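Protein chains get the first letters and strands the later ones, always in sequence-line order, with residue 1 at the start of each. Given the structure is predicted, the values throughout are model-derived calculations rather than measurements.
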Amino acid sequence: MPELPEVEVTRRRIAPYLVGRRIDRLRTTRPSYFFVTPPARLRKAVAGREVTALERLGKYLRARLDDGSQLVLHLGMTGQLFAAGASSLRLLSATARAALTPEAQVGFRPDAHTHLRFCFADGGPEVYLRDTRKFGKVLWLAAGEEHPRLARLGTDALLMEGNALFVATRKRKVAIKSLLLDQAIIAGVGNIYADEALFLAGVRPTRKALRVTKRESDGIVAGLHRVLNRSIETGGSSISDYVTPDGSDGAYQSERRVYARTGEPCTVCRAPIARTVVGARGTHYCPACQR
DNA sequence: ACCGCACCCTGAGCGC
DNA sequence: TGCGCTCAGGGTGCGG
């Protein structure tokens, strides 16, 4: 599931295949839940436009086009954005590269799940957006047009500060984990890194936000920065198509302390990792280390 | 204003 | 071998 690190790694990897290139034509699948902007309108809007920048906003990617309009992408749960040909894999670690599904490496052919297919005027490698579950989103914004989805985003998780988190937790009765997943407060945090950061901070995910101290808020933010930055360094950990044949989660796997380790010993105290549900999300923690 | 939950989708994993 | 069931989850929107 792409969270901030995976989206950032994807951004860096795909930017050379988008920025500075002119879109000759966009092919799409049929209208569906995936398309916030109807595909016909989307195709017309981007044809002939040059991409001038690719930015990340929380878990969103935003391609700026040369007429001032914007193409906004969200990878949802299973979204994959990649360029045709093995050269697109250069920026991945050898481990991550080896773990990629075969069709993503070479000879990929657009299938029913390939919702966007960018063809460029230079005739070079095409760029694909593939998303089997269609939890991802694509939308186009005219020059100057705002969109509530983006306007609502809070502070990027990498820029968040402990004090700001502490302020945001006051008078909030929700579980601290639910608050961390609220994109209007902190943008970019998803299920895996919320669990990992709370473990590093020694705070139980189910604790009411208003019961989190200033000191613990600092610890949670420090934990978030640590896990997010580390994951970016290792090439993103949890993109589902990076999953290796043995079911592990790629490079970051050996660094996961609690996520998907239910019943396994805590790396600090050896107590079995517990699993519960918070806000309809699977939640993992050490009952001994996290209070 | 805040909170909990249903919904969108498909593939993996499981039991029979 | 194969069927059918359940589960997973990001973000949105609605009902309480």
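- By the rule that hydrophobic residues join a cluster once side-chain heavy atoms approach within less than 4.5 Å of another member, A:Val221 and A:Val167 end up as members of separate clusters.
- For the OP1/OP2 pair of C:dA8 and a distance below 4.0 Å, the side-chain nitrogens and oxygens of A:Arg275 include at least one atom meeting the criterion.
- Between atom CG of residue A:Leu165 and atom NZ of residue A:Lys214 there is a gap of 9.5 Å, rounded to the nearest 0.5 Å.
- Taking the 5' to 3' direction, DNA chain B first and last meets chain A under 4.0 angstrom from a heavy atom at B:dC3 to B:dG11.
- Once the 5.5 Å centre distance and the 30° plane angle are applied, the aromatic ring of A:Phe135 is found stacked with the base of C:dG10.
- Residue A:Leu139 contributes atom CG, which lies 13 Å from atom P of C:dG11 at whole-angstrom precision.
- The CZ atom of A:Arg130 sits 5.5 Å away from atom CD of A:Gln80, with the distance rounded to the nearest 0.5 Å.
- A:Glu6 has its side chain out of reach of A:Leu75: every pair of non-hydrogen atoms, C-beta onward, lies at least 4.5 Å apart.
- Rounded to whole Å, the distance from CG on A:Leu150 to C1' on C:dG11 is 13 Å.
- Residues satisfying the ring pair (Phe, Tyr, Trp, His ring centres under 6.0 Å) test with A:Tyr60, not counting sequence neighbours, are A:His74.
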Enumerate, atom names and distances included, each donor-acceptor pair closer than 3.5 Å involving a side-chain atom of residues 134-147 of chain A, sequence neighbours excluded.
from: A:Trp140; atom 1: NE1; to: A:Ser69; atom 2: OG; distance (Å): 3.1
from: A:Glu145; atom 1: OE1; to: A:Ala142; atom 2: N; distance (Å): 2.8
from: A:His147; atom 1: ND1; to: A:Arg149; atom 2: N; distance (Å): 3.0

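- Taking hydrophobic clusters as Ile, Leu, Val, Met, Phe, Trp and Tyr residues chained together by side-chain heavy-atom distances below 4.5 Å, A:Val278 does not share a cluster with A:Leu198.
- Residues A:Asp66 and A:Arg22 come closest through the heavy atom pair OD2-NH1, 3.2 Å.
- One can place OH of A:Tyr259 at 8 Å from C1' of C:dA8, the figure rounded to the nearest angstrom.
- Screening residues 33-55 of chain A for ring-ring contact (aromatic ring centres under 6.0 Å, His included), with sequence neighbours left out, gives A:Phe34-A:His115.
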Filtered N/O pairs between nucleotides 12-16 of chain C and protein, under 3.5 Å:
from: C:dT12; atom 1: OP1; to: A:Tyr60; atom 2: OH; distance (Å): 3.4

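- At the heavy-atom level, A:Gly136 lies nowhere under 4.0 Å from the strands shown.
- Residues in residues 272-291 of chain A take part in these ring-ring contact (aromatic ring centres under 6.0 Å, His included) pairs, two or more places apart or across chains: A:Tyr259-A:His284.
- Rounded to whole angstrom, the span from the CD atom of A:Glu3 across to the C1' atom of C:dG9 amounts to 10 Å.
- Atom NE2 of A:His74 and atom P of C:dG10 are 9 Å apart (whole Å).
- In this structure A:Val19 satisfies the side chain to side chain contact (heavy atoms under 4.5 Å, CB included) test together with A:Ala15, A:Val51, A:Leu54, sequence neighbours excluded.
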Would you give me the side-chain donor-acceptor pairs under 3.5 Å for residues 171-180 of chain A, sequence neighbours excluded?
from: A:Lys177; atom 1: NZ; to: A:Asn191; atom 2: OD1; distance (Å): 2.5
from: A:Lys177; atom 1: NZ; to: A:Asp195; atom 2: OD1; distance (Å): 2.8
from: A:Lys177; atom 1: NZ; to: A:Gly282; atom 2: O; distance (Å): 3.1
from: A:Lys177; atom 1: NZ; to: A:Thr283; atom 2: OG1; distance (Å): 2.9

What side-chain donor-acceptor pairs closer than 3.5 Å can you find for residues 117-125 of chain A, not counting sequence neighbours?
from: A:Arg117; atom 1: NE; to: A:Glu126; atom 2: OE1; distance (Å): 2.8
from: A:Arg117; atom 1: NH2; to: A:Glu126; atom 2: OE1; distance (Å): 3.4
from: A:Asp122; atom 1: OD1; to: A:Arg21; atom 2: NH2; distance (Å): 2.8
from: A:Asp122; atom 1: OD1; to: A:Gly124; atom 2: N; distance (Å): 2.7
from: A:Asp122; atom 1: OD2; to: A:Arg21; atom 2: NE; distance (Å): 2.9
from: A:Asp122; atom 1: OD2; to: A:Arg21; atom 2: NH2; distance (Å): 3.4

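- Applying the ring-ring contact (aromatic ring centres under 6.0 Å, His included) rule to pairs touching residues 157-180 of chain A yields nothing, sequence neighbours excluded.
- Residues from residues 172-181 of chain A with heavy atoms under 4.0 angstrom of DNA chain B, sorted by number: A:Arg172, A:Lys173, A:Val174.
- Following rounding to the nearest Å, A:Leu4 (CG) and C:dG10 (C1') show an atom-to-atom distance of 14 Å.
- Where the helix from B:dC2-C:dG16 to B:dC16-C:dG2 starts and where it ends, the local axes point in directions that differ by 50°; five pairs per end, rounded to 10°.
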